[in-house]
2 protein chains.
Amino acid sequence: MSRFMNYAIQLAQMVDGQTGINPPVGSVVVKDGRIVGLGAHLKKGDKHAEVQALDMAGENAKDATIYVSLEPCTHHGSTPPCVNKIIEFGIRKVIYAVKDTTLASKGDEILKEAGIEVEFQFNENAAELYKDFFTAKRNSIPELTVKVSSSLDGKQATDSDESKWITNKEVKEDVYKLRHEHDAVLTGRKTIDADDPLYTTRVQDGKHPIRVILSKSGQIDFEQQLFADTASPIWIYTENENLKNQSNDKHIEIICLEKCDSTAILKDLYQRGIGKLLVEAGPNVTSQFLQSHHLDELILYLAPKLIGGSGKHQFYKTDQVIDLPEATQFEIVYSKLINQNLKLKLRKK
Amino acid sequence: MSRFMNYAIQLAQMVDGQTGINPPVGSVVVKDGRIVGLGAHLKKGDKHAEVQALDMAGENAKDATIYVSLEPCTHHGSTPPCVNKIIEFGIRKVIYAVKDTTLASKGDEILKEAGIEVEFQFNENAAELYKDFFTAKRNSIPELTVKVSSSLDGKQATDSDESKWITNKEVKEDVYKLRHEHDAVLTGRKTIDADDPLYTTRVQDGKHPIRVILSKSGQIDFEQQLFADTASPIWIYTENENLKNQSNDKHIEIICLEKCDSTAILKDLYQRGIGKLLVEAGPNVTSQFLQSHHLDELILYLAPKLIGGSGKHQFYKTDQVIDLPEATQFEIVYSKLINQNLKLKLRKK
């Protein structure tokens with residue numbers, strides 16, 4: 001694998017989770033064996049990665065090679081097409097790692113026509129990075145990850161609603177990182193009532209996700225600490241029109257949908273620029289989103305204990321009985337021990 | 001760590017699970033840098049490891065060093081004390097890895113009095129091997145391992161009782177090895193009714209565990225294939241006296257206890273020579289034995305799927321609600337991927 005392509009992908013990974021519904025992209029301009037420019041797409045609306053790198057390179061971009069983690073774009077979006085900029089700066093060769101299947105016209109063809117050498121250098125890490133992005137873009141639905149902390153026997157709390165602490169401090173810190181990597185965190189009203197959590201990221205200089213609360217009935221207690229916290233916006237999805245009049249806080253938005261099912265919420269979130277959503281909720285909301293056919297990933301933290309009881313707070317319950325061959329099936333991406341708690345990263349098959 | 005002590009421990013590990021209520025022990029006799037004898041305790045009633053190794057060494061044992069995984073015994077049990085044999089054969093030095101805290105008199109003191117050099121060379125692997133043995137011997141209770149195959153959300157079957165297959169073929173093969181390493185496998189009557197399993201070991205030249213069935217009510221259907229299988233004895237624990245008259249098969253034994261709780265069964269099994277018991281059962285029996293304070297290990301196979309439903313077959317249910325700080329706590333000994341299923345070996349803390 002090329003060293004410079006690796007750098008471009010590393011740059012892309014650095015901004016993963018802060019580009020909203022845009023893909024995280026990294027780029028490196030190389031001339032005579034030296035990096036003369038580098039860039040990453042920092043935020044929807046900001047310059048694309050190639051443009052950042054070319055601007056840094058300036059005149060050095062002439063006859064240079066540009067590495068990009070994703071095929072350069074051809075469309076006028078919030079910024080002009082990157083292919084134009086590449087041609088304009090006199091780049092001799094473009095190397096990219098993943099074909100953008102969502103483009104209307106092909107970036108590499110336009111570049112070739114302009115006399116630029118183009119190389120598609122497939123890279124698995126980059127492909128992995130964009131897999132969910134392509135699906136999300138095609139469906140206009142955010143990339144969906146559900147996070148669950150549970151006992152070995154699949155419970156999020158005891159029958160008497162005790163859930164502090166199932167896992168440990170080190171897991172909590174890992175969850176902060178997860179929040180940092182997502183545009184928004186969604187939970188249910190009951191979890192707010194029970195735990196009054198802030199859903200912020202306690203990572204140094206970390207990014208706080210938008211806090212999304214699902215409350216069909218709209219029985220919200222605005223006295224809770226979460227609602228006083230202005231670290232990031234709070235969006236409340238409800239079917240109750242009256243809720244709109246109950247808060248004047250600028251950072252709180254009430255969103256009324258006729259039907260607050262998972263697909264309707266996901267579609268609406270995407271329209272609002274949420275590209276990556278993390279669900280961190282109690283059994284009901286967790287089960288609801290785990291059943292969504294838009295589910296991409298499950299992050300499961302298992303504490304090495306047994307909770308027992310009747311299973312009131314099993315993290316996964318469904319109204320229908322599902323036949324075993326139809327049970328939701330995952331691929332284990334990795335398992336990792338975090339101070340005697342197990343982290344499983346699972347991709348829905 | 002000494003090479004020869006390692007060999008002695010390896011020999012012990014080879015016979016782990018076939019020595020009943022006796023400990024698995026390995027021994028190596030070394031003279032002039034060469035192994036002149038080796039042995040292992042093969043079965044309760046058979047020669048001890050040291051005796052095997054000394055007999056193999058014969059006259060070469062004179063002035064030799066003997067390595068033993070466990071401190072040599074001093075008592076007349078089914079065989080004469082090993083210390084006598086060691087003295088008789090003219091061994092110059094004895095090296096052992098674990099002190100036998102269950103001996104009435106100390107083996108190493110008797111040997112030292114006879115003019116033999118004795119070295120206690122602590123070994124962690126050996127200590128691990130005997131930890132549960134010592135507890136078991138002190139309590140006259142078998143070493144207890146519960147094995148569970150479940151979905152990620154802690155279910156052994158769907159609400160419609162479908163459980164074939166939660167895990168996969170490779171897990172099944174791992175379970176055969178587990179069975180081989182235990183003297184007996186215990187299950188409930190309902191599991192026999194539902195799956196009609198044989199509970200044998202399909203390992204080449206493997207040892208079949210004794211099949212133990214728990215049926216308080218004694219509602220046994222002797223027409224099932226298990227009862228026709230004579231690969232190893234079948235013991236049925238019941239509170240129903242009448243069951244005794246219902247089978248004449250030689251390989252089937254009906255054991256009536258006034259109260260078939262887990263402790264009573266464990267005590268009785270130990271008296272019958274069961275040193276290591278594996279529980280492989282449905283939710284009720286599994287939950288019962290997971291609640292036993294005699295539990296040593298939990299082997300959890302997790303299939304990467306979600307089953308949902310109401311949780312009728314959650315593997316762990318209890319009548320009482322347990323406060324979170326009192327929840328059964330484990331240490332994760334290891335986690336291992338078996339063809340996309342996760343094996344967790346957990347020790348009760």
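Chain letters run A, B, ... following the sequence lines, proteins first and then strands; every chain starts at 1.
The shortest non-hydrogen separation linking B/Gly308 to A/Thr318 is C-OG1, 3.6 Å. Minimum heavy-atom separation, A/Leu346 to B/Leu152: CD1-CD1, 3.8 Å. Nearest heavy atom pair, residue B/Lys317 against residue A/Ser310, reads CD-O, 4.3 Å. B/Val321 and A/Ser160 make their closest contact through CG1-OG, 3.0 Å (heavy atoms, listed as atom of the first residue, atom of the second, distance). Annotation for A/Gly311 and B/Gln314: closest pair CA-OE1, 3.2 Å, computed over non-hydrogen atoms.
Heavy atoms of A/Gln320 lying under 4.5 Å from chain B belong exclusively to its backbone. With a threshold of 4.5 angstrom between heavy atoms, B/Ile166 approaches chain A through its backbone and through its side chain. Proximity to chain A (any heavy atom under 4.5 Å) is shown, for B/Asp159, by both the backbone and the side chain. For B/Lys164, the part lying near chain A is the backbone, with the side chain staying farther off; criterion is any non-hydrogen pair under 4.5 Å. Contacts of B/Ser151 with chain A are absent, with no heavy-atom separation under 4.5 Å from either backbone or side chain. Proximity to chain B (any heavy atom under 4.5 Å) is shown, for A/Ser287, by neither the backbone nor the side chain. Interface remark: B/Ser335 contributes side-chain atoms only to the contact with chain A (heavy atom separation under 4.5 Å). For A/Leu337, the part lying near chain B is the side chain, with the backbone staying farther off; criterion is any non-hydrogen pair under 4.5 Å.
For the set B/Leu306, B/Leu300, B/Asp153, the entry with the most heavy-atom pairs within less than 4.5 Å of chain A is B/Leu306. Ranked by heavy-atom pairs under 4.5 Å with chain A, the list B/Leu298, B/Asp323, B/Leu302 is led by B/Asp323. For the set B/Ile322, B/Leu324, B/Thr158, the entry with the most heavy-atom pairs within less than 4.5 Å of chain A is B/Leu324. Among the candidates A/Phe315, A/Trp165, A/Phe330, the residue making the largest number of heavy-atom pairs closer than 4.5 Å to chain B is A/Phe330.
For B/Glu326, the CD atom is densely surrounded, since the number of other residues' heavy atoms within 6.0 Å is greater than 12. The 12-atom threshold is exceeded at NZ of B/Lys312, counting heavy atoms of other residues, nucleotides or ligands nearer than 6.0 Å. The environment of CD in B/Glu239 is crowded: more than 12 heavy-atom neighbours from other residues, nucleotides or ligands sit within 6.0 Å. Heavy-atom neighbours of A/Gln225 CD from other residues, nucleotides or ligands within 6.0 Å: above the threshold of 12. By the 6.0 Å contact criterion, CD on B/Gln329 is enclosed, its count of non-hydrogen atoms from other residues, nucleotides or ligands being greater than 12.
Residues B/Lys305 and A/Thr328 are not in side-chain contact: their nearest non-hydrogen atoms beyond the backbone lie 4.5 Å or more apart. Contact of the A/Pro304 side chain with the B/Lys349 side chain is not registered, since no non-hydrogen atoms from C-beta on lie closer than 4.5 Å.
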Quick one: do A/Ile332 and B/Gln340 satisfy side-chain contact (heavy atoms from CB on, under 4.5 Å)? Show the steps, please.
-> CA-CA 6 Å; A/Ile332 301 177; B/Gln340 279 290 317; 3.6 Å; yes
Run the side-chain contact (heavy atoms from CB on, under 4.5 Å) check on B/Leu342 and A/Leu344 step by step: do they pass?
-> CA-CA 10 Å; B/Leu342 191 78; A/Leu344 287 175; 3.8 Å; yes
